Amino acid sequence: METPIQPASPSPGPQSPVPSHYPAGYTPQPTERQPHWKRIGGVAAAIGLILLKFGAKFKFLLLAATKIKFLGTSISALISVAAYALFWGWAFAAGFVILMFVHEMGHVIQLRREGIKSSAPMFIPFLGAAVFMKEMPKNAAAEARVGLAGPVLGTVGCLVCVVIWQVTGNQFFEALAYTGFLLNLFNLIPILPLDGGRAMAALAPWMWIVGYGLMIALLIISPNPILIIIVLLGAFETYRRWSHRKDPESQRYHEVTPLTRALVAVTYIGLVLGLALAMQATYIPMTL
């Protein structure tokens with residue numbers, strides 16, 4: 001059995017630089033280190049060889065990623081979650097973005113039913129989300145259905161939060177539901193390009209003026225960059241449509257049957273009243 005070697009006790013004075021395993025009298029020669037630029041060049045060359053070897057696979061993965069329709073949606077959603085998390089925390093930010101996604105999917109589903117090509121939902125931090133139509137609806141009735149589909153499905157998503165709150169008693173879902181109800185109600189303000197403005201195309205286009213005045217009042221009461229952007233966009237869109245309202249093509253576009261107009265009115269008014277009552281039911285008073 002080998003005897004363990006005990007470490008030598010340190011001796012006073014300067015220590016010898018020669019390790020103990022070298023023969024007596026031997027002094028090792030210092031090794032030459034490659035210049036810094038040569039080492040970097042060697043690493044770069046190695047990385048280059050790897051990229052050349054797997055370049056075809058990397059290119060394939062990149063092309064495949066660009067073909068994924070919801071890649072932009074996922075990236076913009078993650079950015080929005082990170083942005084909202086600065087103020088609300090990660091959990092509430094994620095829940096809020098999910099509710100926005102449900103709202104936008106209402107538009108996407110109805111656009112497909114109408115045969116209208118559109119983009120996937122895209123999230124814009126602090127401005128919400130949007131689905132971009134690649135072509136206009138065939139008439140104002142189709143535009144109204146697309147506009148109202150978002151708040152309808154968005155309200156359903158909020159009701160799921162209400163059910164979870166009632167089952168678990170967790171006020172997190174109550175607050176999330178309240179915020180979602182507020183989001184959907186805000187979108188029903190009758191001004192373009194909000195969902196309420198889309199509905200007014202089939203119901204009463206003159207309501208655009210009322211909605212624009214309401215948005216100006218909100219801007220005066222509570223100045224907000226988001227409201228400024230909506231007001232500017234609404235001004236251009238409202239002016240364009242109102243100035244062409246007597247054109248034959250525009251008049252054909254806005255021809256809506258009385259039944260369709262009644263259905264749009266019932267849906268719109270029902271959503272406004274229902275969301276207002278839902279907000280009242282899920283309101284959590286702030287305590288200091």
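Remember, it's a predicted structure, so these values are computed and weren't measured experimentally.
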| said: If hydrophobic clusters are built from ILVMFWY residues whose side chains come within less than 4.5 Å, do F236 and I228 share one? | reply: no
| task | Answer yes if I209 and L218 sit in the same cluster of Ile, Leu, Val, Met, Phe, Trp and Tyr residues linked by side chain heavy atoms under 4.5 Å apart, and no otherwise. | result | no
| task | Evaluate side chain to side chain contact (heavy atoms under 4.5 Å, CB included) for F172 paired with W165, printing each intermediate quantity in order. | result | CA-CA 8 Å; F172 171 86; W165 162 49; over 6 Å; no
| query | Counting heavy atoms not belonging to R245, are there more than 12 under 6.0 Å from its CZ? | reply | yes
| said: With rounding to the nearest 0.5 angstrom, report the CZ to CD distance, R252 to E255. | reply: 8.0 Å
| query | Does W242 CH2 have over 12 foreign heavy atoms under 6.0 Å away? | reply | yes
| Shortest non-hydrogen separation from V264 to A202 and the atoms involved | CG2-CB, 4.4 Å
| query | Do F123 and I79 come within less than 4.5 Å of each other through their side chains, counting heavy atoms only? | reply | no
| For E143, what residues pass the side-chain hydrogen bond (donor to acceptor under 3.5 Å, both in side chains) criterion, not counting sequence neighbours? | R198, R241, Y253
| message | Would you compute the distance between atom CD1 of I226 and atom CZ of F186 and round it to the nearest 0.5 angstrom? | response | 7.5 Å
| said: Could you tell me if the side chain of Q110 sits less than 4.5 Å from the side chain of V152, heavy atoms only? | reply: no
| said: Are V146 and F132 linked, directly or through intermediate hydrophobic residues, by side-chain heavy-atom contacts shorter than 4.5 Å (ILVMFWY only)? | reply: no
| task | Could you check if a side-chain atom of V210 sits within less than 4.5 angstrom of a side-chain atom of M200, using non-hydrogen atoms only? | result | no
| task | With side chain to side chain contact (heavy atoms under 4.5 Å, CB included) as the test, would you mind laying out the steps for L159 and F181 before giving the verdict? | result | CA-CA 9 Å; L159 291 175; F181 289 137; 4.0 Å; yes
| Heavy-atom closest pair, residues L194 and I189 | CB-O, 3.9 Å
| query | Just wondering, do Y84 and F92 contact through their side chains at under 4.5 Å, heavy atoms? | reply | no
| Transitive ILVMFWY cluster of V256, excluding itself - 4.5 Å side-chain cut-off | none
| Close side-chain approach of V156 and V102, heavy atoms under 4.5 Å | no
| query | Are the side chains of R261 and L203 in touch, meaning some heavy atoms are under 4.5 Å apart? | reply | yes
| In the hydrophobic clustering (ILVMFWY, side-chain contacts below 4.5 Å, transitive), which residues join V167, or is it alone? | V163
| said: Any heavy-atom pair between the side chains of L188 and L148 that's under 4.5 Å? | reply: yes
| query | Which heavy atom of E135 sits nearest a heavy atom of I116, and at what distance? | reply | O-CG2, 3.4 Å
| remark: d(M207 CE, I191 CD1) to nearest 0.5 Å is 11.5 Å
| Spacing of CG belonging to L219 relative to CG belonging to L214, to within rounding of 0.5 Å | 11.5 Å
| For the hydrophobic clusters of this structure (ILVMFWY residues joined by side-chain heavy atoms under 4.5 Å, transitively), does one cluster hold both W90 and F87? | yes
| query | Looking only at heavy atoms, which two atoms of M105 and P121 are closest? And how far apart? | reply | SD-CG, 4.0 Å
| said: Once rounded to the nearest 0.5 Å, what's the spacing between atom CZ of R240 and atom OG of S250? | reply: 9.0 Å
| query | Closest approach of L275 and L185, non-hydrogen atoms and distance? | reply | CD1-N, 3.6 Å
| said: Please find the pair of heavy atoms, one from P151 and one from H103, that lie closest to each other, and give the distance. | reply: N-CE1, 3.5 Å
| message | How about CD on E249, more than 12 heavy atoms from neighbouring residues, nucleotides or ligands closer than 6.0 Å, or not? | response | no
| request: Apply side chain to side chain contact (heavy atoms under 4.5 Å, CB included) to the pair N184 and L271, showing each step before the final yes or no. | output: CA-CA 9 Å; N184 286 281; L271 280 170; over 6 Å; no
| Any side-chain heavy-atom pair from S76 and M122 closer than 4.5 angstrom? | yes
| query | Do W88 and F126 belong together in a cluster built from hydrophobic side chains that touch within less than 4.5 Å? | reply | yes
| request: Working to the nearest 0.5 Å, report the span between CD1 of I164 and CG of L176. | output: 9.0 Å
| query | Are L99 and C161 close enough, and set up right, to give a side chain to side chain contact (heavy atoms under 4.5 Å, CB included), and what steps lead you there? | reply | CA-CA 9 Å; L99 288 181; C161 294; 4.1 Å; yes
